[in-house]
Amino acid sequence: MAEVSKEDSEVVTKIKTEPESAVDLEARILQLCESIPDGINDAIIQNTMPQCDATQRVMAVNRLLSMGKLDLIKIGNKLLYKLKTADAASNQLKGSDHQEKQIYQLIDESKNMGIWMRDIRLKSGLPMSQVQKTLKVLESKKLIKAVNCVNAAKKKVYMLYDVEPDRSLTGGAWYSNQDFESEFVDILNQQCFKFLQQKLAQSREGDLEPTAKRNASYASSTEIWKFICELGISKVKLEVEDIETIMNTLIYDGKVEFTVVPNGDGSQLKIYRAVVSVVPTSGFVRTPCGVCPVFNDCYEDWDISPSNCQYMNDWLSF
Ligand code: SF4
């Protein structure tokens with residue numbers, strides 16, 4: 001068992017509650033960092049939230065580091081996580097001129113949605129050439145970064161270097177540098193289905209009555225999400241909603257069925273099970289639109305349109 005100092009144990013006990021989701025776990029880690037400003041290590045997280053396994057802890061900490069909410073510092077042989085403070089940015093801005101600080105401030109306010117160069121010019125009142133020059137300087141100092149928007153090829157927004165862009169800009173887990181990761185979606189599709197097939201096979205092995213066997217073959221999206229996370233096949237952080245999107249494609253393919261059951265807190269929980277298909281699935285249900293994040297903005301003759309969609313063209317050629 002990992003060791004925790006007496007002082008830290010008191011703080012830990014105060015905020016010891018069971019995280020219910022990845023977001024909840026991240027919030028608890030931030031709360032813990034606030035309570036122990038000198039920094040926390042994995043042992044403290046483990047003792048505070050013993051119900052979370054190592055994978056969940058690593059994923060939560062990595063996400064907070066990538067969002068720029070935590071700093072990783074080394075003291076002697078120890079690695080500690082500390083809340084990132086505004087001081088770090090102000091240190092980096094030392095020596096910057098007024099324009100750099102002004103533009104940095106505007107970009108900071110835009111959070112994870114970022115801000116267009118055009119809006120920076122309008123809000124700052126600076127000439128475009130000056131804005132461009134300042135943005136280049138801030139980029140070279142790694143204080144800000146430019147992010148291409150998935151739903152508009154030429155649209156670029158600026159945000160702070162450590163901020164993780166909103167999913168609406170990047171397209172979420174299914175896009176990498178504006179390219180649809182069809183191979184990745186296929187692999188996830190196969191693994192989610194495999195998991196449900198295994199559940200189905202295990203439920204049939206047991207000496208259970210038919211209804212219990214059927215119930216044992218179902219899995220919730222959270223169970224499937226945990227399985228996928230443990231496989232470690234994704235370089236990006238997947239949310240339970242991403243798995244539900246994949247499950248929808250499997251349902252359209254006729255490989256999986258779902259039902260809803262009471263969740264215990266008044267809400268309803270969707271659970272899934274593999275079905276043995278009696279006829280081969282139609283390619284029609286495998287269109288890229290099924291997992292397309294800009295599906296709602298896609299219309300004929302619009303900027304995003306099926307007639308100029310590369311993924312649709314590839315799918316039709318296939
Ligand atoms: S046709 Fe439209 S909805 Fe379908 S994949 Fe292309 S952009 Fe997305």
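Both ligands and their constituent atoms are indexed starting at 1 by order of listing. Just so you know, these numbers use all the heavy atoms, side chains as well, and skip hydrogens, waters and symmetry mates.
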> What atoms of ligand 1 come closer than 4.0 angstrom to any heavy atom of Ile304?
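Counting from 1, the qualifying ligand atoms are 7 (S).
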
> Among all the protein's non-hydrogen atoms, which is closest to atom 8 (Fe) of ligand 1, and how far away is it?
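Protein heavy atom with the smallest distance to atom 8 (Fe) of ligand 1: Cys292 SG, 2.3 Å.
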
> Consider side chain to side chain contact (heavy atoms under 4.5 Å, CB included). Of Asp242, Asn189, Leu196, which one does Met247 pass it with?
Leu196

> Is a salt bridge present between Arg63 and Glu26, judged by a nitrogen-to-oxygen distance below 4.0 Å?
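Yes, charged N to carboxylate O under 4.0 Å.
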
> Do the side chains of Lys237 and Glu164 get close enough for a salt bridge, i.e. N-O under 4.0 angstrom?
no

> Any non-hydrogen side-chain atom of Tyr81 less than 4.5 Å from a side-chain atom of Ile45?
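In contact.
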
> Provide, to 0.1 Å, the distance between atom 1 (S) of ligand 1 and the closest protein heavy atom, together with that atom's residue and name.
Pro306 CA, 3.6 Å

> What protein heavy atom sits nearest atom 2 (Fe) of ligand 1, and how far away is it?
Cys298 SG, 2.4 Å

> Among Ile251, Ile271, Val275, find the one that has a side chain to side chain contact (heavy atoms under 4.5 Å, CB included) with Glu257.
Val275

> Which of the numbered atoms in ligand 1 are under 4.0 angstrom from any heavy atom belonging to Cys309?
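Those of ligand 1 that fall under 4.0 Å from Cys309 are 1 (S), 5 (S), 6 (Fe), 7 (S).
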
> Considering only heavy atoms of Phe295, which atoms of ligand 1 have at least one such atom less than 4.0 Å away?
3 (S)

> With a 4.5 Å limit on heavy-atom distance, are the side chains of Tyr104 and Thr134 in contact?
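Not in contact.
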
> Counting only heavy atoms, which portion of Cys289 has something under 4.0 Å from ligand 1: side chain, backbone, both, or neither?
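Both backbone and side chain.
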
